[in-house]
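Take a look at the structure set out below.
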Amino acid sequence: MLWRSVVGKLWFTILLLVSVVLTILMVLLLQSFERFHVNEAESQLVNHANMIAAIFDGYDEQDDALRTISQYGSSFETHALIFVEGTKVWGTNNSANDDIYAQLFMTNPVLSEVFNGEQVVATEGDFPLSDNGEASHTEMMVVGVPLQPTELDNSAVFLYQSLSAIEETSNETKQIVYFSAGIAIVLTTIFAFFLSSRITAPLRKMRQVALEVAQGQFKTKVPILTHDEIGQLAMAFNRMGRELNRNIHALNQEKEQLSRILVSMADGVITLDRKGQVIVTNPPAERFMQSWFYEQGINDDSSVLPEAVEQLFQRVVSVEKEQMIEIDVQGRSWAILMTPLYDREYVRGAVAVIRDMTEERRHDKLRKDFIANVSHELRTPVSMLQGYSEAIIDDIAGSEEDKKEFAKIIYDESLRMGRLVNELLDLARMEAGHIELHMEAVELGAFSDRIVRKFQGYAKDEGVALRLDHVEDGYTNSFDPDRIEQVLTNLIHNAIRHTGENGRVTVKVRSNEYGVKFDVIDTGSGIPEEDLPYVFERFYKADKARTRARGGTGLGLAIAKNIVDAHKGQISVHSKIDEGTTFSFFIPEAGTEKEELSR
């Protein structure tokens, strides 16, 4: 088809462009000619009207003037009416139409302005005619010139003529313009076909060479016959062939490098196509597949995926988002992270990364078992210690002073062990996802004042200045007040405990549209840099030589972090040795995304 070829497209483009330009020019020319003819006709009418007014002014007797005007009016094809003192005294036709026009000219708001004797008026409009008793309308041009404005009132001469003569002249002009446009379009068509043929000849040669390059013949070149844009295109095509040959060579090298990387990876990698068929695997992935085949009792078939992996693939393709599962095969735990692969906007497959998580899960289980075992083992001795201490305090045995001293020691240790058990249980519940939050709107000023007042006595005993820097009253945020109080209690207690005499602890509270930020700043001993990444771990103590009397359980910060995480917030620590420590946590407002602590 002609439209599918370059010749047809180029011809149509040139023809369309020329047609648009010619159309615009024709419209402008026709409008210009029409305005010219109208202005010329109006100018002639004004000249004739001025001449008639001059003739009328040149005679002392009105009858003599009218005879001369009648002779003058017969020399041109226009109609005239003369009004003296508001009465029609002469007309070229002296017919019923003159009386009709006389009445119209007297009442027309534009034409009646001439009777004021101040200006020449001209207008175009639809005026009625009477032909054999039947009314008809015609487009006419009317010009009015005042007669002796200083001597006569309501005196003027009107000239009028039909616009049909102007339209005939305009039609002749249109025919000339249309004929010229037709000749231009014919010449443009011939020129467009000639130009298109000259352009498409080398393009057909390039097409033949491109087919050869597609078959792998990269040494084929396009002959350069001209030095214009087509010649430059031929040079670019030859350069493209050389670059394509080089890129394919580099691509083969990259493919070989990728293959080596996949073989050396510790994680398994499986690449799947749109239908879920396995395309590429590496040795760790093959070992995973073999373990699954052995467990299921089926033959080694690389085209079959485990059911869990197949379901994961279906989810990835349907939602077009990254998905992750963890499955157990032959006593080992495998984490599978699958990500969709895109071909522009469409999913063309997926890639799965398989990691052996057995050791990590074993360590997690050991830690959780340790918490559970310690909690279980400590319940009984705690109960016994509390029971004996109560017995001694009740004077059941021993001397009075010894009983009270021993009872105090036993009772203190039982409380310490009780706190340890409770913290272990709380931490276990939080890590298992069973923490319950009771969200409510909290007034930050009263909340922070109450917590800081609770520690004023302890800070005074330790010789530490405790100060609160909080937002103005009236600001509220939604969170669990009991849990956040637990976090602040732990942080403030630690800050006072690790700040020497004459030190300072500042609690800063700031609120914005995204949530509330708490800072606990002390001027104490600080935390070593190498210990900062581990301060939120369970049982971790930066001060290894801390005495039992001042030491904690090592669980407070871990519990605080779990509480903040449950609020979808963030907690961090910054510290310098002998300069102080700053613990910061941010609680986002309900319904907002997690924001940075620096907001």
Side-chain angles (χ1 to χ4, degrees), residues 214 244 247-368 430-435 562 565-566 568 570 588 591-594:
L244 185 61
N247 290 336
I248 289 179
H249 181 68
L251 184 61
N252 290 331
Q253 291 182 340
E254 292 291 334
K255 184 178 179 180
E256 177 66 20
Q257 182 179 358
L258 178 61
S259 176
R260 296 297 181 185
I261 292 174
L262 289 175
V263 170
S264 61
M265 284 181 62
D267 295 335
V269 176
I270 300 177
T271 303
L272 308 172
D273 61 11
R274 176 72 183 183
K275 297 181 180 180
Q277 300 295 323
V278 178
I279 300 176
V280 178
T281 60
N282 66 344
E286 292 174 356
R287 289 195 294 269
F288 164 75
M289 298 288 287
Q290 290 172 0
S291 298
W292 182 78
F293 292 147
Y294 179 82
E295 184 176 79
Q296 299 297 321
I298 60 177
N299 295 327
D300 189 352
D301 186 357
S302 59
S303 62
V304 179
L305 288 175
E307 182 179 358
V309 179
E310 177 69 24
Q311 295 175 355
L312 180 65
F313 173 75
Q314 296 299 333
R315 290 203 306 270
V316 169
V317 172
S318 61
V319 302
E320 298 185 5
K321 290 184 179 179
E322 182 180 87
Q323 301 289 327
M324 181 177 180
I325 61 170
E326 188 168 334
I327 60 176
D328 294 329
V329 178
Q330 289 290 290
R332 303 193 69 82
S333 180
W334 300 87
I336 304 175
L337 178 65
M338 189 173 292
T339 304
L341 297 175
Y342 290 92
D343 183 7
R344 294 183 180 179
E345 299 179 357
Y346 302 98
V347 176
R348 62 177 178 86
V351 59
V353 178
I354 305 171
R355 173 168 294 183
D356 188 352
M357 303 293 293
T358 305
E359 291 300 320
E360 286 83 351
R361 296 296 174 263
R362 186 176 65 84
H363 293 159
D364 289 342
K365 187 175 183 304
L366 288 176
R367 286 194 293 269
K368 292 178 181 179
M430 292 178 185
E431 292 182 344
H434 298 312
I435 183 173
N562 277 274
D565 289 343
K568 302 184 183 303
Q570 291 178 315
T592 61
E593 298 291 337
K594 182 187 294 187

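Values below: all heavy atoms of this structure, side chains included; hydrogens, waters and symmetry mates excluded.
- A donor-acceptor pair is defined here as one N or O able to donate and one able to accept, closer than 3.5 Å; such a pair exists between the side chain of Arg274 and the backbone of Val347.
- Taking all atoms of both residues into account, the shortest heavy-atom contact from Ile336 to Ala352 is CG2-CB, 4.1 Å.
- Taking both residues in full, the closest heavy atoms of Glu326 and Ser333 are given as OE2-OG, 2.5 Å, listed atom of the first, atom of the second, then distance.
- Applying the side-chain contact (heavy atoms from CB on, under 4.5 Å) criterion to Gln253, with sequence neighbours excluded, gives His249.
- Note that CD of Gln290 and CD of Glu286 are 6.5 Å apart. Values are rounded to the nearest 0.5 Å.
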Could you walk me through whether Gln314 and Gln311 pass the side chain to side chain contact (heavy atoms under 4.5 Å, CB included) check?
CA-CA 5 Å; Gln314 296 299 333; Gln311 295 175 355; 5.6 Å; no
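- In terms of heavy-atom proximity, Met324 sits nearest to Leu312 at N-CD1, 4.0 Å.
- Tyr342 contributes a side-chain N or O that, together with a main-chain N or O of Glu320, makes up a donor-acceptor pair within less than 3.5 Å.
- The structure places CZ of Arg348 at 8.5 Å from OG1 of Thr271, a figure rounded to the nearest 0.5 Å.
- With sequence neighbours excluded, the residues that form a side-chain contact (heavy atoms from CB on, under 4.5 Å) with Asp273 are Lys275, Gln277, Ile279.
- Distance check: Ser291 OG to Asp328 CG gives 12.5 Å after rounding to the nearest 0.5 Å.
- Of all heavy-atom pairs between Ile325 and Ala308, the closest is CD1-O, 3.7 Å.
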With side chain to side chain contact (heavy atoms under 4.5 Å, CB included) as the criterion, how do Ile270 and Val278 come out once you've worked through the C-alpha distance, each side chain's angles and the decisive distance to 0.1 Å?
CA-CA 7 Å; Ile270 300 177; Val278 178; 4.1 Å; yes
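- Shown here are the ring pair (Phe, Tyr, Trp, His ring centres under 6.0 Å) partners of Trp334, two or more places apart in sequence or in another chain: Phe288.
- In this structure, the side chains of Val269 and Val351 come closer than 4.5 Å at one or more pairs of heavy atoms.
- A heavy-atom distance below 4.5 Å is not found between the side chains of Pro284 and Arg355.
- In this structure, the side chains of Thr339 and Leu341 stay at 4.5 Å or more apart for every pair of heavy atoms.
- Formation of a donor-acceptor pair under 3.5 Å by the Asn282 side chain with backbone atoms of Arg260 is not found in this model.
- Closest non-hydrogen pair, Trp292 versus Glu307, comes out as CZ2-N, 3.9 Å.
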Show your working on side chain to side chain contact (heavy atoms under 4.5 Å, CB included) between Leu337 and Glu322 and close with a plain yes or no.
CA-CA 7 Å; Leu337 178 65; Glu322 182 180 87; 3.5 Å; yes
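- Considering every non-hydrogen atom in both Ala335 and Met357, the closest pair reads CB-CG, 3.4 Å.
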